[in-house]
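For reference, the structure discussed in these notes is given below.
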Amino acid sequence: MDHTTLPESASLLPDLYGRPQADRFMRHLTAFGDRYTPALGSLGLRRSPRLPEQPRSLPALVLVVTGHRPVAEDVVELRLADPSGDLLPRWQPGAHLRLTLPSGRERHYSLCGDPADRRSYRIAVRRLPDGGGGSLEIHDELHLGVRLTVRRPRNGFPFCGEQKLLLLAGGIGVTPLLPIAREAGRRGLDWHLVYAGRSAETMPFTEELRALAPERVSLLVGRVPSGAELLERARPGSAVYCCGPAPMLSAVQRALDASPAGALHFERFAAAPIVDGKPFTVQLGADGLTLDVAADRSALDVLREARPDLPYSCHQGFCGTCRVQLLAGTPDHRDRRLTSEERADGALLPCVSRAAEGEHLVLDI
Ligand code: FES
């Protein structure tokens, strides 16, 4: 989508945390998740083509691990298949899976295989020693034959099929871009992928990408590229698809105005940055501990210091895994998941939601 196609009302869109804002970035933003986009749709913005949403009542899948192998330093590739060999539900480039691990942890991973292969789903997982244990469990405890509950593919980063594409990958952020690159090649589109990583050994799928079209893949190894450098290959009107760590996304965002690129689609895989945070307190139960939440920390991070088993997944306010019940206090809801009814009933997602300065939230945990 070219940002010029957006109506003026787009500047009144809420930001990623539900607050009004007139950020230029939002004028470029075209994709940030199925749960983020209803607000865009209601404003008449063009939606990305995608498969019809799966009704929430469709049962989750039980899949078996049929492949588990290292594909780069600290990165394993997992293949998941139906235990009976049945064909798996279809998906489109950019889609992700939500896995429920044997421990009960839930994690989201982009599908990085070929949508034409309906016999297995492929994901890749980087080992994150301080990432809450999900990646360690996948690396160390998931073996061939283990069965997992997996929600059907959802697409939070849909590929719109623009004619000119610049794909920007940072580290494991290459995973959703690999099927997008493959699809772009199939359609004969003009695409280029810039893939940045801290060393060649840590960058999965480089050979597979080169095999698609070596002249269309640029590797930036061992340094952090600037936004301008990442956008260097953008042609006038190119749609930019970016997936990587938060600093990379911010760098691209800042450099966008000076580039000839058009739309920006992005997927973030780290916790959302805290914007305009103020300190407040949370209390664990009516008679429990009171904890300070500093302006630059999430309530979830603070709560997990006292309750390390508190579940979470996306850390971005869209999956709902960290949901807690509010007993007292006035929250500042910044998620994109809860309905107004759920909020009125006291539901709260502490990974992103906060409170006004000095507010005291009592939680039923
Ligand atoms: S962890 Fe996903 S909504 Fe909080």
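Just follow the structure's listing: the first ligand is 1, and inside any ligand the first atom is 1.
- By the 30° and 60° cut-offs, the orientation of the rings of Y121 relative to W91 is perpendicular.
- At least one N/O/S atom of C322, whether from backbone or side chain, sits less than 2.8 Å from atom 4 (Fe) of ligand 1.
- R187 is linked by a salt bridge (charged side-chain N to carboxylate O under 4.0 Å, His left out) to E183, counting only residues two or more places apart in sequence or in another chain.
- Under a 4.0 Å criterion applied to the non-hydrogen atoms of C351, ligand 1 contributes the atoms 1 (S), 3 (S), 4 (Fe).
- To the nearest 0.5 Å, atom CZ of residue R233 and atom CG of residue L165 are 14.0 Å apart.
- Applying the salt bridge (charged side-chain N to carboxylate O under 4.0 Å, His left out) test to every pair with at least one member in residues 356-365, sequence neighbours left out, gives no pairs at all.
- Counting only heavy atoms of the protein, atom 3 (S) of ligand 1 lies nearest to G320 N, 3.2 Å.
- Close approach of ligand 1 to G317 (heavy-atom distance below 4.0 Å) involves ligand atoms 3 (S).
- In this structure, H315 has a heavy atom closer than 4.0 Å to ligand 1.
- Salt-bridge check for R122 with E208: passed, with a basic side-chain N closer than 4.0 Å to an acidic carboxylate O.
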